[in-house]
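See below for the structure under consideration.
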Amino acid sequence: MNSYQVIYEVVRQIPRGQVATYGQVAGLAGLYGKARLVGYALYRVVDGDDVPWQRVVNAKGQVSESPFRNGSDDLQRSLLEAEGVVFSANGTIDLRRYRWQPDPTQFLPDIPVEG
DNA sequence: CCGTTGACGGCGA
DNA sequence: ATCGCCGCCAACG
């Protein structure tokens, strides 16, 4: 079980019409502070994979734009709007309203063991 | 093997 | 508030 698999498992839990941030997913996957790894994992998702990658946005509540995405950033916004997620005029999602709040009994924190 | 590269995030100026 | 810097680490040449 590599890191990507764990990341994909978490993303699969995000319900339709809700979003999570990269940092949030990292934390839930036991990868606190490694938000960038989540971005890289989602970059490698190809269509056909059963991963709702569009439901992950950055900490500002915006779709992360990049020329390397080759248009998938625009697609991401469209998919979210189709799920009922509303963007403000400046392209921001109100995280207070749409952020996913996972069942705490399903995501118990990893307790580091003293070496 | 090793340097570079990002779908990130937090902090300081 | 906004911008830049830097730590993060797997993938790629």
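Predicted model only: the values in this text are computed from it and were never measured. Chain A is the first sequence line, chain B the second, and so forth, proteins listed ahead of strands; every chain is numbered from 1. All values below come from the heavy atoms of this structure, side chains included, with hydrogens, waters and symmetry mates left out.
Across the protein-nucleic acid pair, Tyr4(A) atom OH and dC9(C) atom P stand 13 Å apart, rounded to whole Å. With rounding to whole Å, Arg36(A) atom CZ is found 11 Å from dG9(B) atom P. Atom P of nucleotide dT2(C) and atom CD of Gln62(A) are separated by 10 Å, given to the nearest angstrom. Look at CG on Asn90(A): it is 12 Å from P on dA1(C), rounded to the nearest Å.
At most 12 heavy atoms of other shown residues, nucleotides or ligands fall within 6.0 angstrom of atom CG in Asn70(A). Applying the 6.0 Å contact sphere to CZ of Arg97(A) captures no more than 12 heavy atoms from other residues, nucleotides or ligands.
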Strand DNA chain B as a dot-bracket string - pairs counted if Watson-Crick or G-U with both distances under 3.5 Å, | where the partner lies in another strand: .|||||.||||||

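Residue Leu37(A) is in sugar-phosphate contact alone, with no base atom involved, counting any heavy-atom pair closer than 4.0 Å across all strands shown. Using a 4.0 Å heavy-atom cutoff across all strands shown, Ser3(A) reaches no nucleic acid atom at all.
Residues Ser66(A) and Asp73(A) come closest through the heavy atom pair N-OD2, 3.3 Å.
Applying the side chain to side chain donor-acceptor pair (under 3.5 Å) test to every pair with at least one member in residues 79-88 of chain A, sequence neighbours left out, gives these pairs: Gln54(A)-Glu83(A), Arg55(A)-Glu83(A), Arg77(A)-Glu81(A), Ser88(A)-Asn90(A).
In the set dC8(B), dA11(C), dG6(B), the nucleotide with an atom closest to the side chain of Phe68(A) is dG6(B).
Along DNA chain C, the nucleotide nearest Tyr40(A) and the nucleotide nearest Gly33(A) are compared for position; the residue whose nucleotide lies closer to the 5' end is Gly33(A).
Proximity of Lys34(A) to the phosphate of dC9(C): a side-chain N or O atom is located under 4.0 Å from OP1 or OP2.
Note: Tyr4(A) and Tyr40(A) have tilted aromatic rings, judged against thresholds of 30 and 60 degrees for the angle between ring planes.
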